[in-house]
Amino acid sequence: MWTWSRTGSSLVPTEAVRNATGTLHPFMSVRVRYAPSPTGSPHVGNIRDALFKHYFAKHHGGVNILRIEDTDRTRYIPGVEEEIVDSLNWLGIEFQEGFGVGGDHGPYRQSERKEAGIYAREIQKLLESGHAYKAFDTSEELAEMREFQQINKQPIGYYGGVWRDATPAMVEQAEREGKPMVIRLRIPRNDTIVIHDAIRGRIEWDSNTVDDPVLIKSDGMPTYHFAAMVDDHLMGITHIMRGEEWISSAPKHAVLFDAFGWERPVFVHCPVINGKDGKKLSKRHGDTKCLDYRAAGYLPRALKNFIALIGWAPGGDRELMTDAEIAEAFDLDGLQPAPGVFDLEKLRWMNGWYIRSLELESLRSEVAAFVERGEWREYFGRPTDDPELLKKNQATLAGLETLALGLSGDREYAGAAIALEQERVATLADFGEATAFFFQDEPPMDEKAVAKWLTVPHARDLFESLISFLEGPAPSGPGADGHDGACPSRGVKVEECEAFIRGYGEKMGLEKMGPVVHPVRVALTGKTVGPGLFELMSLLGPSRMVRRLRRLL
RNA sequence: GGCCCGGUCGUCUAGUGGUUAGGAUGCCGCCCUUUCAAGGCGGAGGUCGCGGGUUCAAGUCCCGUCCGGGCUACCA
């Protein structure tokens, strides 16, 4: 049966409706909220939370709300709000309402809501109905209580010391004495508290194992328990989606909704993302900050696609999906109960796939934007204890500096170099090292490569022939890309390079071109790996090639 | 200690009583090829945490157990 109740300015379905499947009546608009607290830059776990809500709201044509939960003054870090917005914008996570967007349920920052008297007004209702009570315990008393419970192997927590059942006279006296005071929620005793989680189904607690949570702190600020639930109700939130670490607080929140006489939203406790060791994601597991992935050269669409697939699956074999496809497929039934592990290797593969799928023009602008943003300087320049990683980072850094220089010079040439390496990179940062040789007058030579291919008997003759071919009459005018720094009038086409190499091989009576191709590649690039030789030669152009060949003679 | 959640290849996962337990990544091999990639093909990798049931039949249902994780703040 579909019945409705009006709460605030939003329609909320009744308990019976929501408990059944966690799905909503088609007329009911989904409203979810992403509510970070500005205590640190968003990490991948936070952002995954935001992403799920983004897709869920999008799937149902609902509303995603951004709310800042800054009720903990001691942990507030200035500037983090900007990083939150930056992260969200980078990934293209949209909000139809909230902080920085506006809407009818503001303000959307909890400290401002506190100033507006919202929590004071709401707590008054609970005090009057007897669902909340004032407690004057000192922190020393509370510590003592816990110690006692510990020793006596009792459940630890505030189950109502003297204050839960204090007489009005006691309370009055404590207030007169100006004792520090908190307001706690009165959890009913000898009862069973049941919630219906959309992923796990029914979860129940003996109410005697649920302690009385603080609702208002002694500094007058609301706790998360209070502020988040009050705001969720006032903002008409239909689904409380959050990490599974909140399950143990859920009975408190359920009781709070009941105490107000409010309809309970659907609880959706999403699986979290863990590190390789199965523990909460932390610095030990590598990069946790969302924006680190931008600095490291990952594409937002790859990160989104990858992260969406941890803890959620569309069913079947689909993996590579566009944003629209994910939104289309995203629903509660695809959510997994078990936590997932962040696998960087798979992210790298997926990022490479998205880089390869980029049109040439977007590829060039993505790389240029990445290089110009310059976040990689700080990222790859970070100190590390791992000597191998340090070496890798330094190489990446050097390559990127070279690319940056190249990009600031002949942009078209740089763009062509980037295009030639598209298939060989996993991240945007990889383009630095991959394309460096295009911009270096004398690219560093790999020792092994030199030992193997520059010592062949025909090397000298090969290079001399190449030089005379390049300095000889132009077979066809400007090269493939019309570029040749020193001799703008003369380039070489890809086919001409191929013809020369093959011709030389045939002269030697070779079947396979390896003995010709490899020495030339090493001479020109210093490496044994890279793009197709003929393409690379054409791009380099005669004068660059001649210069590089001459130094070897 | 108490309460709660979880458990399918290393990792992400498909799977809702009958499948040779499928896909992806990573790893190995082959093909393609001027190298490296990419791509194509193939392989190794799972006693579905374990033990009991229920059933003709269990990864799928029930019970127990083990292991892992979370919470146990005037933090979120």
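Since the model is a prediction, treat every value here as computed from it, not as a measurement. Lettering follows sequence order; numbering is per chain, from 1.
For the pair A:W349 CH2 and B:A37 P, the interatomic distance rounds to 18 Å; values are reported in whole Å. Note: CD1 (A:I273) to P (B:G6) measures 18 Å, nearest angstrom. The distance between atom CZ of A:R318 and atom C1' of B:G15, rounded to the nearest whole Å, is 16 Å. Rounded to whole Å, the distance from CD1 on A:I501 to P on B:U33 is 18 Å. In this structure, CZ of A:F437 is placed 15 Å from P of B:C36, rounded to the nearest angstrom. B:A38 atom C1' lies 17 Å from atom CE of A:M350, rounded to whole Å. Counting to the nearest Å, the P atom of B:C4 and the CG atom of A:N208 are 13 Å from each other. Whole-Å rounding puts the A:R242 CZ to B:C5 C1' distance at 14 Å.
The cationic atom of A:R184 (NZ for Lys, CZ for Arg) lies less than 6.0 Å from the six-membered ring centre of A:Y158 and within 45° of the ring axis. Within the cation-pi definition used here (under 6.0 Å to the ring centroid, within 45° of the axis), A:R502 does not qualify as a partner of A:Y504.
A distance-only check finds no donor-acceptor pair linking the side chain of A:S538 to the backbone of A:F534 [under 3.5 Å].
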If a protein heavy atom is under 4.0 Å from the base, mark B; if only from the sugar-phosphate, S; if neither, -; do that for nucleotides 60-76 of chain B going 5' to 3'.
-> ---------SSSSSBBB
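For A:Y293 and A:Y298, the distance between ring centers is under 6.0 angstrom. Taking the six-membered ring wherever Trp is involved, the centroid distance between the rings of A:W163 and A:F136 falls below 6.0 Å.
For B:G10, the paired nucleotide is B:U25, the pair qualifying as Watson-Crick or G-U wobble because both relevant distances are below 3.5 Å. Look at B:U47: it lacks any Watson-Crick or wobble partner with both distances under 3.5 angstrom. Across all strands shown, B:U20 remains unpaired; no Watson-Crick or G-U wobble contact has both distances below 3.5 Å. Under the Watson-Crick or G-U wobble criterion, with both distances below 3.5 Å, B:C30 is paired with B:G40. Remark: B:C3 base-pairs with B:G70. Criterion, Watson-Crick or G-U wobble with two distances under 3.5 Å.
Taking all atoms of both residues into account, the shortest heavy-atom contact from A:I183 to A:A132 is CG2-CB, 3.8 Å.
Here the separation of B:U13 from B:G6, taken at their P atoms, is 15 Å to the nearest Å. Comparing the C1' positions of B:C9 and B:U25 gives an interatomic distance of 12 Å, to the nearest angstrom. Here, B:C63 and B:U54 have their C1' atoms 11 Å apart, quoted to the whole Å. For the C1' atoms, the distance linking B:C31 with B:A38 amounts to 14 Å, nearest Å. Straight-line distance between the P atoms of B:C3 and B:G43: roughly 50 Å, to the nearest whole Å. Taking the C1' atoms as reference points, B:G29 lies 44 Å from B:U55, given to the whole Å. For the P atoms, the distance linking B:G15 with B:G23 amounts to 15 Å, nearest Å. Rounded to a whole angstrom, the distance from the P atom of B:C62 to that of B:G7 is 13 Å.
Taking only side-chain atoms of A:F534, from C-beta outward, the nucleotide of B:G10, B:U34, B:A14 with the closest atom is B:U34. Of the candidate nucleotides B:C5, B:G10, B:U34, B:U34 has the atom nearest to the side chain of A:R521. Comparing B:C12, B:G26, B:A14 against the side chain of A:E319 picks out B:C12 as the nearest. When distances run from any side-chain atom of A:K512 to the nucleotides B:G39, B:A38, B:U34, the shortest one goes to B:U34. For A:K346, the listed nucleotide lying nearest its side chain is B:U25; candidates were B:G22, B:U25, B:A38.
At a threshold of 4.0 angstrom between heavy atoms, the contacts of A:G532 include nucleobase atoms, whether or not backbone atoms are also involved. A:I203 comes within contact range of the sugar-phosphate backbone alone, with a heavy-atom separation under 4.0 Å but no base atom that close. Nucleic acid contact for A:L309: sugar-phosphate only, since backbone atoms but no base atoms lie under 4.0 Å from a heavy atom of the residue. Using a 4.0 Å heavy-atom criterion, one finds that A:E498 contacts no nucleic acid atom at all.
The side chain of A:R348 places no N or O atom within less than 4.0 Å of a non-bridging phosphate oxygen (OP1 or OP2) of B:G26. Residue A:W205 has no polar side-chain atom (N or O) positioned under 4.0 Å from OP1 or OP2 of B:C4. Of the side-chain N and O atoms in A:R502, one or more sit less than 4.0 angstrom from OP1 or OP2 of B:U34. Remark: A:Q422 is not in phosphate contact with B:A37, judged by side-chain N or O atoms under 4.0 Å from OP1 or OP2.
The existence of a salt bridge linking A:R348 and A:D430 is confirmed by a sub-4.0 Å separation between a basic side-chain nitrogen and an acidic carboxylate oxygen. A:D206 has no carboxylate O lying under 4.0 Å from a charged side-chain N of A:R189, or vice versa, which leaves the two without a salt bridge.
In this structure, A:H253 and A:W246 have tilted ring planes: the angle between them lies in the 30° to 60° band. Between A:F56 and A:F330, the ring-plane angle classifies as perpendicular under the 30° and 60° cut-offs.
Contact of A:R200 with B:C5 (side chain to base): no donor-acceptor pair of N or O atoms is detected under 3.5 Å.
Closest-nucleotide positions on RNA chain B for A:P155 and A:R202 were compared, and the one nearer the 5' end corresponds to A:P155. For A:G316 and A:F342, each mapped to the nucleotide of RNA chain B holding its nearest heavy atom, the one lying further toward the 5' end belongs to A:F342.
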